[in-house]
Amino acid sequence: MQQDYDPQQIETQVQQQWQDTEAFKAVEDSEKEKFYCLEMFPYPSGKLHMGHVRNYTIGDVISRYQRMLGKNVLHPMGWDAFGLPAENAAIENKTAPAAWTEQNIENMRGQLKRLGFSYDWDREFATCEPDYYRWEQWFFTQLYERGLVYKKEAEVNWDPVDQTVLANEQVVDGRGWRSGALVEKKKIPQWFIKITAYAEELLASLDDLEGWPDSVKTMQRNWIGKSVGAEVVFKVDQVAGAEDLRVFTTRPDTIMGVTYLAVAADHPLAVAVAEDNPALADFRQQCQQTSTAEADLETMEKLGMPLGINAVHPVSGEEVPVWCANFVLMTYGTGAVMAVPAHDQRDYEFASKYEIAIKPVIFPEDGSDAPAGEAYTEYGVLGNSGEFDGLESEAAKEVITNWLAERGLGEEQVNYRLRDWGVSRQRYWGCPIPMIYDEAGEAVPATDFPVELPTDVVMDGVGSPIKKMASFIDTLHPQTQQPAQRETDTFDTFFESSWYYARYCCPDLDTAMLDQRANHWLPVDQYIGGIEHAVMHLLYARFFHKLMRDVGLLDSNEPFTNLLTQGMVTAETYYRFNESGKREFFNPAEVELEHDDKGGVLAARLADGSSVEIGGVEKMSKSKNNGVDPQSMIDLYGADTVRLFTMFAAPPDQSLEWNDDAIAGASRFLRRLWNLFEQHKETLAEVRLAPIADPTAMQNVAREAKALRLVTHTITQRALRDYERKQFNTVVAAAMELTNAVEKADWNAMGDAASAVLSEACYTLVKILTPVTPHLCEYLWQHYGTQERGLNDAWLSVDESALEKDEVTYVVQVNGKLRAKLLVAASAEKAEIEAMAQADSNVQRFLNGLTIRKVIVVPNKLVNIVAN
RNA sequence: GCGAGAGUGGCGGAAUUGGUAGACGCGCUAGAUUUAGGUUCUAGUGUCUUGCGGCGUGAGAGUUCGAGUCUCUCCUCUCGCACCA
């Protein structure tokens with residue numbers, strides 16, 4: 001009597017067992033090698049999306065694989081619970097952000113459990129809990145004591161109608177998303193942490209991160225943006241009291257080509273001049289009307305206005321006009337740049353537009369002409385540069401920098417693109433910044449942790465409720481005990497996500513931020529998350545780790561040894577234009593496709609027969625209505641199928657296209673696997689799943705038995721390799737191939753060896769698939785596995801003797817084109833193979849009339865006969 | 001604009017890292033079984049010729065006996081750009 005595969009029943013049963021036996025509880029153990037596997041924790045937005053499912057399945061596969069290798073695995077999960085969406089939801093639903101967040105966590109935790117992830121749930125926490133954020137408040141005050149925290153004015157997006165600060169995300173086409181008002185830049189005082197003090201180390205230690213993708217390391221290097229150059233002084237004597245202009249340049253060799261200077265709209269010189277220059281004041285005003293996003297600044301039209309004053313060129317002594325320009329960033333370097341239109345493309349375009357002189361001073365070394373109509377940005381030989389003529393760029397940089405330094409007009413300088421981390425947010429749903437202001441407005445660190453965020457609030461949509469909450473604000477000065485006021489800004493939520501990985505090591509600790517358990521588990525051996533975090537989150541976490549080290553909380557230098565950046569989850573989009581000419585999107589679940597004879601898509605229709613346009617594959621999103629709810633897939637197929645599909649459809653670091661037919665295929669495979677075991681249930685129950693104990697006994701068995709063993713062990717070899725390189729799609733493909741081979745095997749022809757060979761193949765299948773589809777494999781193991789050992793107690797090994805072949809297939813090419821295949825004895829000599837290849841009749845045909853020039857033999861692979 | 005990736009059948013992808021392009025799966029075609037459905041099984045499936053063979057990994061060049069893989073130029077798409085997380 002065969003049973004049907006019932007994933008829902010198997011999965012709940014197995015999950016219950018895992019829970020009862022505390023199967024994934026992590027306990028420090030100095031005897032076993034530790035492995036800390038971590039996925040980026042989710043923002044509790046309401047329910048899991050496919051990106052989460054993919055991220056956490058990858059992490060679970062790695063965790064379970066490492067567990068099977070015998071390691072002591074820590075695999076925690078928690079919630080990145082502070083953030084903007086909770087405030088928006090609170091305004092919309094008239095609930096407090098805390099309750100909304102808690103409800104979402106509840107819901108998503110249930111979904112994660114249903115997917116069977118091997119988390120140690122005892123370590124779970126949410127970052128909005130005072131027991132968590134009190135320690136980052138304490139830590140912030142430690143940084144303050146160490147001089148790594150300071151306050152300065154910085155720009156925010158200001159909505160002049162709603163009178164509120166907007167996130168970049170809330171600025172759409174330069175306007176506030178609710179009010180529609182033109183957004184302005186506004187300066188307000190904010191807290192900063194000196195990440196620039198760690199720029200050099202953050203840059204240098206990237207070289208040690210061998211387990212990180214090169215692309216991420218390159219992005220971080222570029223983000224830090226170290227450049228070596230010179231600071232050059234241009235004297236300004238036309239404006240009373242004005243300071244000299246200091247500019248940073250990476251190309252001091254081009255200094256004689258400077259034809260103007262440009263300062264940011266906010267530069268003190270521009271501010272001073274604008275006082276009695278209305279046109280310039282207007283221009284400055286115009287520059288304020290934009291968002292603070294760099295992408296916006298860089299893509300807007302480059303505009304400028306002359307200040308009407310000149311600066312003195314430090315070498316030639318000539319007068320150079322000073323301009324105010326919207327593309328000069330006050331936050332990079334000194335807020336002023338020297339412009340060399342002949343050798344910088346942006347300067348060139350600006351100079352052309354405003355008819356400023358272009359003076360070439362660098363020329364190609366080979367004496368050729370520089371291309372016309374654009375800047376010549378290469379290195380070369382100096383000309384038109386007075387005493388520096390004839391020097392090469394590289395040498396000239398040093399000579400000119402020294403020349404300036406000797407005269408007090410400049411010096412060599414290293415500059416970073418990286419800016420200090422502004423951590424102040426004028427929002428409610430975040431961790432309160434633990435600072436207290438005395439009556440004179442002087443700030444001191446709080447000492448009463450946690451500085452608890454009041455959760456009983458009403459969001460009115462205009463500003464943070466704690467900003468007018470006296471019970472929160474009014475306090476006493478920690479030293480003088482005089483009346484004082486609390487800071488009402490909260491931390492950037494990157495603050496919480498910068499150290500959560502460490503807190504998982506000791507989530508219950510109530511006397512300190514971290515203890516020795518952190519040194520036991522850290523660094524994280526495998527970190528997994530979206531590529532969109534390549535720079536910011538990962539850089540802040542690296543920074544925080546080094547800070548925690550320097551405060552004495554940790555021993556290691558870096559938080560994450562290996563990093564896997566997963567691709568996004570995409571799906572086909574379908575739309576049609578509605579009456580108002582806007583695209584109306586339809587969910588792929590509502591669309592049926594019409595195919596031609598070759599399987600190509602001809603048309604897409606809704607259930608009512610009306611046709612819709614095919615919009616192309618895009619990232620799953622609400623706006624494109626192409627999301628697939630993981631819950632519906634779990635309900636339909638079970639967790640193992642969802643896990644199998646997400647692993648099989650694409651390698652982890654590439655984008656994954658969702659396909660409803662293909663997930664049905666994954667389900668079909670598990671059913672086939674189930675049926676395979678059902679079909680052989682008597683044999684398997686008797687011999688039990690096991691590798692072959694004595695491979696030498698297999699030397700003289702029937703060739704069919706040997707053939708299946710060859711498949712089993714070739715597949716094992718591939719699966720081992722692919723687990724190691726984290727290419728799980730081919731791990732699944734290998735298991736499918738082995739399943740195909742077992743299904744087709746001729747058991748009668750194997751004779752006595754049949755049951756042992758079957759047992760070995762099925763054992764291999766269960767082991768290979770356990771990390772991916774743990775529920776089914778656990779069930780099969782409990783029914784057919786050896787009783788003495790658990791499923792995770794041993795991993796697979798390859799029996800080399802099973803891989804030995806008597807004969808090898810050689811490919812024979814003539815001039816690189818395939819002309820024959822030869823079955824050659826494995827022991828054959830090179831000369832013998834060459835002769836066989838040349839003797840082949842088809843090869844002969846293509847060699848006819850040609851002279852053989854060369855014969856290349858690649859052992860066990862191919863012969864290429866070169867002839868003409 | 002700047003920085004980083006990716007382009008292989010109708011589709012997702014594979015290719016032991018310079019050596020048979022298309023594993024595995026989806027879709028499609030034909031057949032069988034069940035017999036109404038999105039069941040299961042068998043065979044086929046890059047393309048043009050349907051004989052041998054020619055062509056084929058975004059486009060174009062180059063290196064090599066040999067290139068999806070290495071080099072250069074170009075095109076398209078995706079991600080990030082400091083207050084979304």
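A note on names: the letters A, B, ... follow the listed sequences, proteins ahead of strands, and every chain is numbered from 1. Remember, predicted model here, so these are calculated numbers, not experimental data.
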Could you let me know what [N] is paired to, Watson-Crick or G-U wobble, both distances under 3.5 Å, or none if it's on its own?
N     : value
B:G44 : B:C28
B:C52 : none
B:C79 : B:G3
B:A85 : none
B:G22 : none
B:U63 : none

Over how many whole Å does the gap from [X] atom [atom1] to [N] atom [atom2] extend?
X        : N     : atom1 : atom2 : value
A:Arg346 : B:C2  : CZ    : C1'   : 10 Å
A:Trp658 : B:G12 : CH2   : C1'   : 13 Å
A:Ile531 : B:C81 : CD1   : P     : 12 Å
A:Arg672 : B:U39 : CZ    : C1'   : 15 Å
A:Leu166 : B:C83 : CG    : P     : 14 Å
A:His533 : B:G5  : NE2   : P     : 19 Å
A:Phe645 : B:G27 : CZ    : P     : 12 Å
A:Asp722 : B:C24 : CG    : C1'   : 12 Å

Is any side-chain N or O of [X] under 3.5 Å from a base N or O of [N], one able to act as donor and the other as acceptor?
X        : N     : answer
A:Gln426 : B:C83 : yes
A:Lys861 : B:U20 : no
A:Asn864 : B:C65 : yes
A:Glu532 : B:C84 : no

Reckon [X] touches a base, only the sugar-phosphate, or nothing at all at heavy-atom distances under 4.0 Å?
X        : answer
A:Arg725 : base
A:Met40  : nothing
A:Val165 : base
A:Leu418 : base
A:Gln813 : base
A:Tyr637 : base
A:Pro213 : nothing
A:Arg853 : nothing
A:Ala293 : sugar-phosphate
A:Phe846 : sugar-phosphate
A:Ser45  : nothing
A:Arg718 : nothing
A:Trp421 : nothing
A:Arg417 : base

Does any non-hydrogen side-chain atom of [Y] lie less than 4.5 Å from one of [X]?
X        : Y        : value
A:Lys821 : A:Leu823 : no
A:Met40  : A:Asn55  : yes
A:Arg542 : A:Leu206 : yes
A:Thr488 : A:Gln426 : no
A:Ile614 : A:Val601 : yes

Considering only the [atom1] atoms, how many Å lie between [N] and [M], rounded to the nearest integer?
N     : M     : atom1 : value
B:C65 : B:G80 : C1'   : 44 Å
B:G18 : B:G27 : C1'   : 34 Å
B:G19 : B:C70 : C1'   : 14 Å
B:U8  : B:C77 : C1'   : 16 Å
B:G22 : B:U69 : C1'   : 15 Å
B:A67 : B:G56 : C1'   : 14 Å
B:G5  : B:G38 : P     : 46 Å
B:C79 : B:G13 : P     : 16 Å

With the threshold set at 4.0 Å, does a side-chain nitrogen-carboxylate oxygen contact exist between A:Asp420 and A:Lys194?
-> no

salt_bridge(A:Arg672, A:Glu743) N-O dist < 4.0 Å =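 Between A:Glu743 and A:Arg672 there is a salt bridge, with a charged N closer than 4.0 Å to a carboxylate O.
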
When syn is taken as a glycosidic angle within 90 degrees of 0, is B:U17 syn or anti?
-> syn

Does A:Arg819 or A:Ser424 map to a spot on RNA chain B nearer the 5' end, using the closest nucleotide for each?
->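 Of the two residues, A:Arg819 wins.
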
Between A:Lys817 and A:Thr809, which is nearer to the 5' end of RNA chain B once each is assigned its nearest nucleotide?
->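 Comparing both residues, the 5'-ward one is A:Thr809.
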
Nucleotide of [options] approaching [X] most closely (side-chain heavy atoms):
X        : options             : value
A:Asp661 : B:A14, B:C83, B:G27 : B:G27
A:Arg427 : B:G27, B:G19, B:C83 : B:C83
A:Leu84  : B:G3, B:C26, B:A85  : B:A85
A:Gln190 : B:C81, B:A15, B:C83 : B:C83
A:Ala295 : B:C24, B:G1, B:A85  : B:G1
A:Met536 : B:C26, B:C81, B:G3  : B:C81
A:Arg419 : B:A82, B:C83, B:C24 : B:A82
A:Asp492 : B:U40, B:A15, B:C83 : B:C83

Please check if the distance between the ring centroids of [X] and [Y] is under 6.0 Å.
X        : Y        : result
A:Phe544 : A:Phe495 : yes
A:Phe648 : A:Phe669 : no
A:Phe645 : A:Trp658 : yes

